[in-house]
Amino acid sequence: VLPEATSAWLEPHTLSSPATWAGHIPFAAWLMATLRPRTLVELGVYSGISYLAFCQAAVEHQVPLRAWGVDTWEGAPHAGHYDASVLQKLRAEHDARYGHFSTLVQSLFDDALHTVPDASVDLLHIDGLHTYEAVRHDFETWKGKLSERAVVLFHDTAVRQGDFGVWRFWDEVTRDYPSLSFEHSNGLGVLLVGPQVPALLKDLARQPDRWAQAGRYFSALGERLERRTQTLHLQTLLADLQGKDSAQHAWIQQQDAQLRDAQQTQQVDARTIEALQQLVAKRDGEL
């Protein structure tokens with residue numbers, strides 16, 4: 001189907017929510033082998049499902065990469081709010097496997113601009129707040145960091161519900177740059193910004209029939225990973241519920257034991273009071 005097509009057969013070390021990004025991991029792996037970016041920046045890392053896949057692909061395809069993953073890890077309207085355990089779990093895997101070339105930056109996207117050299121980013125993944133205004137701001141703010149070979153990815157281009165506005169910005173920005181896009185797994189937009197993007201990517205953008213065939217290939221591979229991620233998520237939820245049920249059962253047993261102890265104490269107290277009353281009555285009789 002494509003040169004280096006087998007590079008898409010990545011078996012991720014870790015799969016986590018959101019499952020919809022799992023569907024794009026095969027393309028992400030192929031893109032790493034094809035673009036061979038020198039610098040990667042991801043805006044909106046969350047659990048790390050996409051970022052860890054990029055890093056793993058860089059290692060497996062021997063891409064000499066410098067990477068930054070930026071997030072506040074405080075949650076957002078579209079990702080939900082979560083506690084510090086999300087970042088702690090991510091760091092445990094990331095630092096051990098990829099810490100020698102990758103850095104997790106806990107900050108607002110704008111505040112992280114100074115950490116990345118200008119005109120250096122070959123691959124930028126924008127996956128933060130998904131409103132039209134936020135996506136447009138992120139692209140325009142980080143545009144000065146893009147290199148002559150830059151490719152920019154936008155997730156959720158196919159989502160048109162609520163205040164999701166990535167699709168609106170995607171419709172606008174693709175008038176200025178060649179592009180590729182996927183409809184599966186909430187959609188992924190691939191914007192070919194740099195004038196020196198690999199010729200293969202430009203050729204695919206000019207050959208819709210060939211790209212449609214390639215898209216079916218990536219979608220089929222991605223569907224398998226998306227289903228696996230959903231299964232793992234359900235298994236985690238089930239284990240959590242079972243753990244809560246177990247904890248609740250233990251609490252109920254503890255409360256029941258305390259109640260029995262209290263009842264026994266009350267019974268002892270009642271017998272003691274009765275014995276005292278009998279003793280007092282007896283002494284009164286003797287007097």
Side-chain angles (χ1 to χ4, degrees), residues 1-37 40 42 49-58 60-61 63 122-127 130 135 149-161 164 166-175 177-194 197-234:
V1 179
L2 291 169
E4 300 289 344
T6 56
S7 61
W9 301 353
L10 185 77
E11 287 297 327
H13 296 309
T14 301
L15 288 171
S16 56
S17 296
T20 50
W21 225 102
H24 297 298
I25 286 177
F27 173 74
W30 177 83
L31 183 62
M32 291 299 291
T34 301
L35 179 62
R36 300 189 66 80
L40 159 71
E42 180 168 280
I49 184 170
S50 53
Y51 192 72
L52 293 176
F54 285 126
C55 291
Q56 181 180 341
E60 294 191 6
H61 300 309
V63 176
D122 292 336
L123 181 58
L124 174 64
H125 177 211
I126 297 177
D127 198 15
H130 286 58
V135 174
R149 304 174 63 247
V151 172
V152 183
L153 304 181
F154 300 86
H155 189 220
D156 290 330
T157 52
V159 180
R160 300 193 174 212
Q161 63 188 30
F164 277 74
V166 183
W167 65 272
R168 282 181 54 205
F169 182 68
W170 181 249
D171 284 349
E172 291 180 7
V173 77
T174 50
R175 299 169 194 166
Y177 301 98
S179 63
L180 305 165
S181 65
F182 296 99
E183 291 298 314
H184 72 281
S185 298
N186 285 3
L188 184 71
V190 185
L191 197 67
L192 310 182
V193 177
V197 165
L200 174 59
L201 294 174
K202 292 182 178 180
D203 290 344
L204 288 171
R206 289 191 293 261
Q207 301 172 33
D209 290 343
R210 187 184 180 194
W211 175 245
Q213 184 181 13
R216 288 191 291 271
Y217 173 73
F218 290 123
S219 177
L221 291 178
E223 183 180 357
R224 176 179 60 91
L225 292 179
E226 187 169 349
R227 285 199 306 268
R228 189 191 304 172
T229 306
Q230 290 169 337
T231 299
L232 290 171
H233 179 61
L234 290 174

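Note that the structure is a prediction, hence the values are computed from the model and not measured.
- For Asp203, the side-chain hydrogen bond (donor to acceptor under 3.5 Å, both in side chains) partners two or more places apart in sequence, or in a different chain, are Arg206.
- The backbone N or O of His13 sits less than 3.5 Å from a side-chain atom of Gln56, completing a donor-acceptor pair.
- To the nearest 0.5 Å, the span separating CG on Leu180 from CH2 on Trp211 amounts to 4.5 Å.
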Evaluate Met32 against Leu123 for side chain to side chain contact (heavy atoms under 4.5 Å, CB included), listing each step before the verdict.
CA-CA 9 Å; Met32 291 299 291; Leu123 181 58; 3.8 Å; yes
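- Two residues are said to be in side-chain contact when any heavy atoms from C-beta on lie closer than 4.5 Å; Pro198 and Leu35 meet this criterion.
- Taking the side chain to side chain contact (heavy atoms under 4.5 Å, CB included) definition, one finds that Pro178 meets it with Leu192, Ala205, sequence neighbours left out.
- Residues passing the side-chain hydrogen bond (donor to acceptor under 3.5 Å, both in side chains) test with Arg224, sequence neighbours excluded: Glu11.
- Residues Val159 and His130 are not in side-chain contact: their nearest non-hydrogen atoms beyond the backbone lie 4.5 Å or more apart.
- For the side-chain contact (heavy atoms from CB on, under 4.5 Å) test with Ser16, the passing option among Leu232, Thr229, Leu52, Ile49 is Ile49; the others fail.
- The stretch residues 179-190 participates, sequence neighbours left out, in no salt bridge (charged side-chain N to carboxylate O under 4.0 Å, His left out) pair at all.
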Go through it in stages, so that I can follow the logic: the residues are Arg228 and Leu15, the test is side chain to side chain contact (heavy atoms under 4.5 Å, CB included), and I'd like the CA-CA distance, side-chain angles, deciding distance and then a yes or no.
CA-CA 8 Å; Arg228 189 191 304 172; Leu15 288 171; 3.6 Å; yes
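- Under the salt bridge (Lys or Arg N to Asp or Glu O under 4.0 Å) criterion, Asp122 pairs with Arg38, Arg149, sequence neighbours left out.
- For Trp170, the ring-ring contact (aromatic ring centres under 6.0 Å, His included) partners two or more places apart in sequence, or in a different chain, are Phe154.
- In this structure, CG in Asp209 is found 12.0 Å from CG in Leu204, a value given to the nearest 0.5 Å.
- Contact annotation: the side chain of Leu2 approaches that of Phe218 to within less than 4.5 Å [non-hydrogen atoms, C-beta and beyond].
- Taking CG of Leu153 as the start and CD1 of Ile126 as the end, the distance is 9.0 Å to the nearest 0.5 Å.
- Contacts of Ser179 classified as side-chain hydrogen bond (donor to acceptor under 3.5 Å, both in side chains), with partners at least two apart in sequence or in another chain: none.
- Side chain of Thr157 to main chain of Leu188: a donor-acceptor pair is present (N/O by atom type, distance under 3.5 Å, no hydrogens or angles).
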Solution key, residues 19-26 side-chain donor-acceptor pairs under 3.5 Å, sequence neighbours excluded:
| from | atom 1 | to | atom 2 | distance (Å) |
| --- | --- | --- | --- | --- |
| Trp21 | NE1 | His125 | NE2 | 3.3 |
| His24 | NE2 | His184 | O | 3.2 |
| His24 | NE2 | Ser185 | O | 3.1 |

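- Of the inter-residue distances, the one linking Asn186 atom CG with Trp167 atom CH2 reads 15.0 Å to the nearest 0.5 angstrom.
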Side chain to side chain contact (heavy atoms under 4.5 Å, CB included), that's the test. Do Val166 and His155 meet it? Break it down for me.
CA-CA 8 Å; Val166 183; His155 189 220; over 6 Å; no
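- With rounding to the nearest 0.5 angstrom, the CG atom of Leu191 is 11.5 Å from the CG atom of Leu201.
- To the nearest 0.5 Å, atoms CG (Asp127) and OH (Tyr51) are separated by 14.0 Å.
- For Arg227, the side-chain hydrogen bond (donor to acceptor under 3.5 Å, both in side chains) partners two or more places apart in sequence, or in a different chain, are Glu223.
- Remark: side-chain polar atoms of Ser219 are not paired, donor with acceptor, to backbone N or O of Gly215 under 3.5 angstrom.
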